[in-house]
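Shown next, in structure tokens, is the structure this report addresses.
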There are 2 protein chains.
Amino acid sequence: MTADISPASAPETLSLRERKKLRTRAALVDTALALFTERGFDGVTLDELCEAVEVSKRTFFRNFASKEQVASAPLEALWDGLRDDVEHLSFDGAPVLEVLQEALLVSLARMDDSGAWVTRVRQSRELAELTPSITAYGLQYCDRTSAAIEATLQRRLSLDPADPRPRLALDLLVASFHAALRAWTAKPGTPTHAALAAELRSVFAVLPGALTFSRA
Amino acid sequence: MTADISPASAPETLSLRERKKLRTRAALVDTALALFTERGFDGVTLDELCEAVEVSKRTFFRNFASKEQVASAPLEALWDGLRDDVEHLSFDGAPVLEVLQEALLVSLARMDDSGAWVTRVRQSRELAELTPSITAYGLQYCDRTSAAIEATLQRRLSLDPADPRPRLALDLLVASFHAALRAWTAKPGTPTHAALAAELRSVFAVLPGALTFSRA
DNA sequence: TAGGCTTATGCTCCTCAGTAGCACTTTGTG
DNA sequence: CACAAAGTGCTACTGAGGAGCATAAGCCTA
């Protein structure tokens, strides 16, 4: 289920067919981000996108569930990575939230492919800011992924399903990431992978203060 | 901008035209929730809904921005109330998050109209659980409202726009409410307004623990 | 109370996202 | 080499949502 995008990360172990599919997928994402950025999300029809990639609409919907998803693909890869990792994390001793924070940083580090992913994320982010339906899709995706991770946590840590804390911890993680993303997008200049990781660490650091701060 | 639904809360101070509009709006919400609950969100077309209420599709879209919104209307009234209240809250001394938590409970108390609102919320919630697009719309609405409240906080408390804490506090508030809603929906029996308020207080109480808890 | 103004409403036509059926091609396998 | 399985193109269809234009209902001033 992991949504991989970068053609570079398609090793020879995959069959010819699978590599071709990944190439089609990557082309759709790249072309979509370019066209949406140029003419706006609503200014590009799926027919135009499919024509640009020389693919039928049928093929598009075999790769993506919606027009919004193709614009959100870069961030989905990050969260899919985290979701899969949670299955094998060690939770001994450390607070769950801290373990999840570290895991998110690890998943983020895995996305570091000399700038391509970061560029796509930036485009995706700017599109989401202009397009409510992309925001809506992204939030729903986070919600669904959080629910899946919560289920894994409950199983692996033998938690009471009624305990709201694991889900709250996940919502905290998601909120932190979105805050980091906003700060990162707001900064001028070329956005780097390292800068995003730094923003994220910085938000993690001030998180406890969000519960207690009062007017200056 | 406040989306009021209950016909009972339409005092005589409103003009005839405004009261009629509110009645149409309320009828659309009630009929929509009933039809969606009966046959599923996707099993009811807008044309059917409009025919049942004896209203044209044009009128529907003057009252609601989308099919999803009409199913989310009850909760929007709650958050709209909070958004408007933040303009006049006192933030002296107490932590911002605590003030917001109290304000949310006040807005919730204002929704207490002898069961009608609670019933609609329950229906809305159950629909959202079955229908991703309703979830997506609701999350996007929360995101937008949170951004509006954050702007108010920044202005009233003279905060640095780059400070992530107010937005994190709001995301925490939203996450708490959703957790309370989940717990409340999961409970069997007739759901009451008081029970929802109790769930919410209970989540607020365990919130700090969400940052620090570890495996049992 | 008559007339004019504003605003909601209905009607109709349109675009486009997303689905489904069917036939064709390509790739992996016995 | 043949057969199974999966991806793809083509086409036709449904339904959400928007736009233009005309009408009606409520509101306001003389």
Rounded to whole angstroms, how far apart are CG on A/Leu22 and C1' on D/dG7?
-> 14 Å

Taking atom P of D/dA16 as reference, at what distance in whole Å does atom CD1 of B/Ile134 sit?
-> 13 Å

Between A/Thr59 and D/dG9, is there a side-chain N or O to OP1/OP2 distance below 4.0 Å?
-> yes

Kindly indicate whether the side chain of B/Asp80, heavy atoms from C-beta on, has any atom under 4.5 Å from the side chain of B/Arg83.
-> yes

Whole angstrom is fine here: how far is it from CZ in B/Arg62 over to P in D/dA19?
-> 11 Å

Value in whole Å for how far the P atom of C/dT26 lies from CZ of A/Arg23 | 14 Å

Whole angstrom is fine here: how far is it from CZ in B/Phe64 over to P in C/dT9?
-> 11 Å

Which pairs, protein N/O on one side and nucleotides 16-20 of chain C N/O on the other, fall under 3.5 Å?
| from | atom 1 | to | atom 2 | distance (Å) |
| --- | --- | --- | --- | --- |
| C/dA17 | OP1 | A/Lys67 | NZ | 3.0 |
| C/dA17 | OP2 | A/Leu46 | N | 3.0 |
| C/dG18 | OP2 | A/Lys67 | N | 2.8 |
| C/dG18 | N7 | A/Lys57 | NZ | 3.1 |
| C/dG18 | O6 | A/Lys57 | NZ | 3.3 |

Residues A/Glu87, A/Arg155: salt bridge by 4.0 Å N-O rule = yes

Could you list all the salt bridge (Lys or Arg N to Asp or Glu O under 4.0 Å) pairs where at least one residue sits in residues 52-62 of chain A, not counting sequence neighbours?
-> none

Hey, is the main chain of A/Leu172 close enough, under 3.5 Å, to the side chain of A/Ser176 for a donor-acceptor pair?
-> yes

Ranking C/dT9, D/dT8, C/dA8 by distance to the side chain of A/Asn63, first place goes to D/dT8

Heavy-atom nearest pair, A/Thr192 first then A/Trp184, reads O-NE1, 3.1 Å

Using the side-chain hydrogen bond (donor to acceptor under 3.5 Å, both in side chains) rule, take B/Tyr137 and B/Glu76 through it: C-alpha gap first, then chi angles, then the decisive distance, then the call.
-> CA-CA 11 Å; B/Tyr137 173 82; B/Glu76 288 197 3; 2.6 Å; yes

Over how many whole Å does the gap from B/Gln69 atom CD to D/dA16 atom C1' extend?
-> 14 Å

Select base, sugar-phosphate, or nothing to describe what B/Glu54 touches, counting heavy atoms under 4.0 Å on all strands.
-> sugar-phosphate

